[in-house]
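Okay, structure first, notes after.
What you are looking at is a predicted structure, and each value in this text was computed from that prediction instead of being measured.
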Amino acid sequence: MSERTSYAAQPDLQADCGSCFGLCCVALPFSRSSDFPVDKSAGAPCGNLQEDFRCGIHRRLRDQGYNGCTVFDCFGAGQKVSQVTFKGISWREEPESARAMYEAFPVVRQLHELLKYIAQALDLPAAGPVHGDLRRAYERLDALTRDTAGTLLVVDVDALRGEVNPLLLRASELARAAVPGRKKNHRGAQLMGSRLRGAKLRGASLRGALLIAADLSGSDLRDADLIGADMRDTDLCGADLRGALFLTQPQLNAARGDARTKVPQTLERPRHWAD
């Protein structure tokens, strides 16, 4: 991989809906709930999907009850499967390839999520001691995402995740070691609905923590490890997330924030957040 200003910001890991065949709107199922107004089975096109593979209500998704769509991010897997795996030939042009395309998409999406985490770790200067192993892991996974559909469908993603996670954990430890003071450990903690307003969590481990509807308003989350944390409806109003480790756009999109919330430069402030 060539040197870049930021590994995590590279285009391959950013969703490009214009180069995708609407795979998230077809391949994935959803059920009537607070996130979706209707049921849809896997492989059935969403009723809002247009002929050009664009969403007909993209700017009105939340108004129409499709909150689940606004928190989803394929990390660039959609265009990878559309343009690389299936060489730009859509499921409408070749219906016989549709099933393989739909099955390959979630696999590549998981691989791209792993690539995103590795890329973020490669952007951490303090994680230099593991950068060599991280680059090798990145190159291996990236090559795998460019393989054939047949190969992708038999990939053991859990096994790959098990190989990558120790590297990410070590990168996190190295980065957080540079944060002054004692760091809190809430790894895997059940903090649903917890009142943590103004909490001092700089450099803390919140890996896999359940933060659903937790009040983290005004909290200091700088350099905290948030990989896999469930942040649905988490109150981040006024919180400081600068430098947060392994924070993703879907996590931010699922949370609540406002104009005072400080987010990492590599992520976007969700449009639905309060002004």
Side-chain angles (χ1 to χ4, degrees), residues 1-17 19-20 23-24 28 70-85 104-127 130-147 152 155 157-172 174-176 205-209 221 223-232 241-255 263-270:
M1 187 193 316
S2 60
E3 293 296 325
R4 290 179 168 88
T5 303
S6 170
Y7 283 86
Q10 59 184 295
D12 277 0
L13 300 179
Q14 315 296 321
D16 177 7
C17 298
S19 299
C20 176
L23 295 184
C24 63
L28 307 179
T70 67
V71 302
F72 180 80
D73 190 336
C74 74
F75 301 107
Q79 68 259 26
K80 176 70 71 63
V81 172
S82 298
Q83 304 301 327
V84 178
T85 313
F105 173 62
V107 174
V108 177
R109 195 264 180 189
Q110 291 180 79
L111 294 177
H112 267 231
E113 184 176 15
L114 276 175
L115 286 171
K116 189 76 170 182
Y117 290 143
I118 296 172
Q120 289 184 25
L122 285 167
D123 281 340
L124 299 173
V130 290
H131 278 180
D133 289 336
L134 286 166
R135 287 192 187 93
R136 284 186 284 274
Y138 190 102
E139 290 166 1
R140 178 187 173 196
L141 265 62
D142 182 58
L144 187 56
T145 66
R146 300 174 189 281
D147 213 321
L152 289 168
V155 167
V157 178
D158 288 338
L160 291 172
R161 188 176 288 113
E163 295 174 15
V164 171
N165 276 342
L167 298 177
L168 299 177
L169 179 58
R170 181 58 179 150
S172 170
L174 288 166
R176 292 184 296 113
S205 175
L206 289 160
R207 296 171 67 89
L221 290 160
D223 306 303
D225 186 342
L226 291 167
I227 193 169
D230 192 333
M231 300 175 68
R232 286 175 289 170
L241 292 151
R242 290 175 296 176
L245 307 179
F246 308 120
L247 179 66
T248 64
Q249 193 66 50
Q251 286 173 302
L252 273 187
N253 292 348
V263 303
Q265 291 183 347
T266 55
L267 300 177
E268 296 181 1
R269 183 181 304 276

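Surrounding CZ of R232 are at most 12 heavy atoms belonging to other residues, nucleotides or ligands under 6.0 Å away.
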Give the C-alpha distance, both sets of side-chain angles, the deciding distance and a yes or no for side chain to side chain contact (heavy atoms under 4.5 Å, CB included) between L160 and L111.
-> CA-CA 9 Å; L160 291 172; L111 294 177; 3.7 Å; yes
Please test L226 against L241 for side chain to side chain contact (heavy atoms under 4.5 Å, CB included), starting from the C-alpha separation and ending with a verdict.
-> CA-CA 10 Å; L226 291 167; L241 292 151; 4.0 Å; yes
Show the numbers, then the answer: is there a side chain to side chain contact (heavy atoms under 4.5 Å, CB included) between R176 and L245?
-> CA-CA 9 Å; R176 292 184 296 113; L245 307 179; 3.6 Å; yes
Walk me through it: do L13 and L115 pass the test side chain to side chain contact (heavy atoms under 4.5 Å, CB included)?
-> CA-CA 8 Å; L13 300 179; L115 286 171; 3.9 Å; yes
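Between the side chain of Q79 and the main chain of C20, no donor-acceptor pair closer than 3.5 Å is present. H112 places no side-chain N or O within 3.5 Å of a backbone atom of D142 that could act as its donor or acceptor partner. Side-chain N or O atoms of Q120 include one that pairs as donor or acceptor with a backbone N or O of F246 at under 3.5 Å. Side chain of E268 to main chain of Q249: no donor-acceptor pair is present (N/O by atom type, distance under 3.5 Å, no hydrogens or angles). Under the 3.5 Å distance criterion, the side-chain polar atoms of Q14 are left unmatched by any main-chain donor or acceptor of G76. Here the side chain of D225 pairs no donor or acceptor atom with the backbone of S172 at under 3.5 angstrom. Under a 3.5 Å cut-off, the side chain of Q251 and the backbone N or O of T248 do form a donor-acceptor pair.
Taking each heavy atom of A171 and L124 in turn, the nearest pair found is O-CD1, 4.3 Å. When every heavy atom of A104 is checked against every heavy atom of L152, the shortest pair comes out as CB-CD1, 4.4 Å. The heavy-atom pair separating G78 from L23 by the smallest distance is O-CD1, 3.9 Å. Heavy-atom minimum distance, L169 versus R207: CD1-NE, 3.9 Å. When all heavy atoms are compared, the tightest approach of S19 to S82 is O-CB, 3.6 Å. The two atoms that bring T145 and T85 nearest to each other are O-OG1, 4.2 Å, heavy atoms only.
Listed by chain and residue number, nothing satisfies the salt bridge (Lys or Arg N to Asp or Glu O under 4.0 Å) test with D147 (two or more places apart in sequence, or in another chain). The side-chain hydrogen bond (donor to acceptor under 3.5 Å, both in side chains) test applied to E163 returns R140, not counting sequence neighbours. Considering only residues two or more places apart in sequence or on other chains, K116 meets the side-chain hydrogen bond (donor to acceptor under 3.5 Å, both in side chains) condition with none of them.
Expressed to the nearest 0.5 Å, how far CG of L168 lies from CG of L114 amounts to 7.5 Å. Atom OH of residue Y117 and atom CZ of residue F75 lie 6.0 Å apart, to the nearest 0.5 angstrom. Once rounded to the nearest 0.5 Å, the distance linking CG of D133 with CZ of R136 reads 4.5 Å. For the atom pair L134 CG and D123 CG, the distance stands at 11.0 Å (nearest 0.5 Å). Atom CG of residue D230 and atom CG of residue L206 lie 12.5 Å apart, to the nearest 0.5 angstrom.
At least one side-chain heavy atom of L252 sits under 4.5 Å from a side-chain heavy atom of L267. With contacts defined as side-chain heavy-atom distances shorter than 4.5 Å, the pair R146/K80 qualifies.
Side-chain contact, Q265 with R242: no donor N or O sits under 3.5 Å from an acceptor N or O.
Salt bridge status for E113 with R109: present, with a side-chain N to carboxylate O gap under 4.0 Å.
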